[in-house]
Amino acid sequence: MNFKSLIILFRRIKVLRYANGDLLIKEGSSNNNVYFVRKGLVRSYVNDEQGNEITFQLYPESSVLTNVHFILFKQSSRFNYEAIEDTKVYEIDYDSFVEVASKSSELLELNRTYFGKRIIQGAFQRIESFVFLSPEERYKKYLNDYPSLVNRVPDKYIANILGITAVSLSRIRKRIANRKK
């Protein structure tokens, strides 16, 4: 590992704190920062034609989030990224990261495998879940993947992520509870 590159990289990372309700990335912005959630919770959402907020994703501790549209396609953000708990993140400008990484094969590989593959992997997993899994199976998988989130967020956020209504989510939970009896 190129320690000089690591030192340069760490010097460019900022530690930031966001209060509940603060926006990390605003829809329409060209923000190209990469965030690592150290503590707290962030959600990405968009407003539909009626002005309703539709939650797309939740980012708990140890998650990496970024304006994928800008980094991959140089397009402005399609989502708002909002802290929904008091949140501490490590932030680095993506171009700055790439500049430092270009001088270190290990960091360059991290960029290629971690950021690129994780973004694509997450997108494909979500698409596949909508194609191959029933809403109940998606809910069970979500519970398995993120067991702590169901107690930290409103049901409507989870329902949005699963592509169902809050009423449907309630029915799914009731069915699962009845089977356990």
Side-chain angles (χ1 to χ4, degrees), residues 14 16-94 115 118-176:
K14 298 176 190 170
L16 301 174
R17 297 184 193 294
Y18 292 91
N20 183 358
D22 288 350
L23 288 179
L24 285 73
I25 302 173
K26 185 172 173 42
E27 180 182 3
S29 78
S30 297
N31 179 322
N32 73 337
N33 294 326
V34 177
Y35 302 88
F36 176 83
V37 180
R38 176 69 177 101
K39 182 176 185 281
L41 185 59
V42 176
R43 78 174 174 127
S44 61
Y45 72 93
V46 66
N47 292 305
D48 67 11
E49 299 83 30
Q50 293 78 36
N52 300 311
E53 293 179 354
I54 307 297
T55 299
F56 183 74
Q57 186 70 26
L58 296 170
Y59 301 91
E61 291 83 3
S62 300
S63 295
V64 174
L65 68 103
T66 188
N67 177 0
V68 175
H69 294 93
F70 189 79
I71 289 176
L72 294 179
F73 311 114
K74 299 298 182 211
Q75 298 173 350
S76 59
S77 179
R78 297 187 60 198
F79 300 102
N80 291 297
Y81 293 79
E82 173 191 38
I84 57 174
E85 294 177 352
D86 290 344
T87 300
K88 177 181 175 182
V89 298
Y90 300 126
E91 174 198 78
I92 188 166
D93 174 88
Y94 182 72
F115 295 131
R118 275 194 67 148
I119 289 168
I120 293 168
Q121 179 185 31
F124 273 106
Q125 284 176 344
R126 184 149 184 180
I127 292 166
E128 288 172 355
S129 77
F130 279 95
V131 173
F132 298 117
L133 302 177
S134 70
E136 186 172 321
E137 291 168 327
R138 285 197 303 271
Y139 175 66
K140 287 178 178 177
K141 181 175 180 351
Y142 198 81
L143 275 180
N144 187 55
D145 293 346
Y146 304 102
S148 70
L149 289 185
V150 287
N151 298 321
R152 293 170 67 183
V153 299
D155 289 348
K156 66 181 179 178
Y157 293 173
I158 294 172
N160 285 163
I161 291 166
L162 298 174
I164 59 177
T165 65
V167 172
S168 294
L169 177 59
S170 178
R171 288 180 184 142
I172 289 169
R173 286 180 171 161
K174 187 175 181 179
R175 256 193 323 269
I176 292 170

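We count residues from 1, following the sequence as given.
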How many angstroms lie between [atom1] in [X] and [atom2] in [Y], if you round to the nearest 0.5 Å?
X      : Y      : atom1 : atom2 : answer
Ile172 : Ser134 : CD1   : OG    : 7.0 Å
Lys156 : Asn52  : NZ    : CG    : 9.0 Å
Leu65  : Tyr81  : CG    : OH    : 7.0 Å
Ser62  : Phe36  : OG    : CZ    : 4.0 Å
Ile161 : Leu58  : CD1   : CG    : 3.5 Å
Asp86  : Arg17  : CG    : CZ    : 10.0 Å

Locate the shortest heavy-atom distance separating [X] from [Y]; write the atom from each residue and the value.
X      : Y      : result
Ala83  : Ala19  : CB-O, 3.6 Å
Tyr139 : Ile176 : CD2-CD1, 3.7 Å
Phe79  : Ser44  : CB-CB, 4.2 Å
Ser76  : Gly28  : CB-O, 3.2 Å
Asn67  : Ser29  : ND2-O, 3.4 Å

Point to revise | Side-chain ion pair, Glu61 and Lys39, N-O less than 4.0 Å | key: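 Looking at Lys39 together with Glu61, the answer is no, because their closest N to O distance does not fall below 4.0 Å.
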
Practice item. Using a strict cut-off of less than 4.0 Å between a Lys/Arg side-chain nitrogen and an Asp/Glu carboxylate oxygen, indicate whether Glu136 and Lys140 qualify as a salt bridge. Key: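 Looking at Glu136 and Lys140, the cut-off is met.
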
Review point. Does the cation-pi check pass for Lys74 over Phe70, that is, NZ or CZ under 6.0 Å from the six-membered ring centre and within 45° of its axis?
Key: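 The answer is yes, since Lys74 meets both limits relative to Phe70.
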
Check your understanding: Is the NZ or CZ atom of Arg38 positioned over Tyr90's six-membered ring, under 6.0 angstrom from the centre and within 45° of the axis?
Key ->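 No, a cation-pi geometry is absent between Arg38 and Tyr90.
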
Practice item. Any pair with a residue in residues 120-133 that passes salt bridge (charged side-chain N to carboxylate O under 4.0 Å, His left out), sequence neighbours left out, goes on the list, sorted by first then second residue, please. Key: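 Salt bridge (charged side-chain N to carboxylate O under 4.0 Å, His left out) check on residues 120-133 returns no pairs.
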
Check your understanding: Are any non-hydrogen side-chain atoms of Glu85 and Asn20 less than 4.5 angstrom apart?
Key ->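 The answer is no; the side chains never approach within 4.5 Å.
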
Review point. Under 4.5 Å between any side-chain heavy atoms of Asn31 and Ser77, yes or no?
Key: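 Of all side-chain heavy-atom pairs linking Ser77 with Asn31, none is under 4.5 Å.
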
Judged by atom type as modelled, is there a donor-acceptor pair below 3.5 Å linking the side chain of [X] to the main-chain atoms of [Y]?
X     : Y     : result
Asn80 : Glu27 : yes
Thr87 : Tyr18 : no
Thr66 : Asn33 : yes

Heavy atoms of other groups near [X] [atom1], more than 12 under 6.0 Å:
X      : atom1 : answer
Arg78  : CZ    : no
Arg152 : CZ    : yes
Arg173 : CZ    : yes

Point to revise | side-chain hydrogen bond (donor to acceptor under 3.5 Å, both in side chains) partners of Gln75, counting only residues at least two apart | key: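 Applying side-chain hydrogen bond (donor to acceptor under 3.5 Å, both in side chains) to Gln75 gives none.
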
Practice item. Take Glu91 and Leu24 through the test side chain to side chain contact (heavy atoms under 4.5 Å, CB included) and record every step on the way to the result. Key: CA-CA 10 Å; Glu91 174 198 78; Leu24 285 73; over 6 Å; no

Review point. Considering residues at least two apart in sequence or located in another chain, which fulfil the ring-ring contact (aromatic ring centres under 6.0 Å, His included) criterion with Tyr146?
Key: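 With sequence neighbours excluded, Tyr146 shows a ring-ring contact (aromatic ring centres under 6.0 Å, His included) to Tyr142, given in chain and number order.
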
Practice item. In sequence, state the C-alpha distance, the side-chain angles, and the governing distance for Val42 and Tyr35, and then conclude on side chain to side chain contact (heavy atoms under 4.5 Å, CB included). Key: CA-CA 10 Å; Val42 176; Tyr35 302 88; over 6 Å; no

Point to revise | Candidate pair Val153 and Arg43, rule side chain to side chain contact (heavy atoms under 4.5 Å, CB included), full reasoning | key: CA-CA 10 Å; Val153 299; Arg43 78 174 174 127; over 6 Å; no

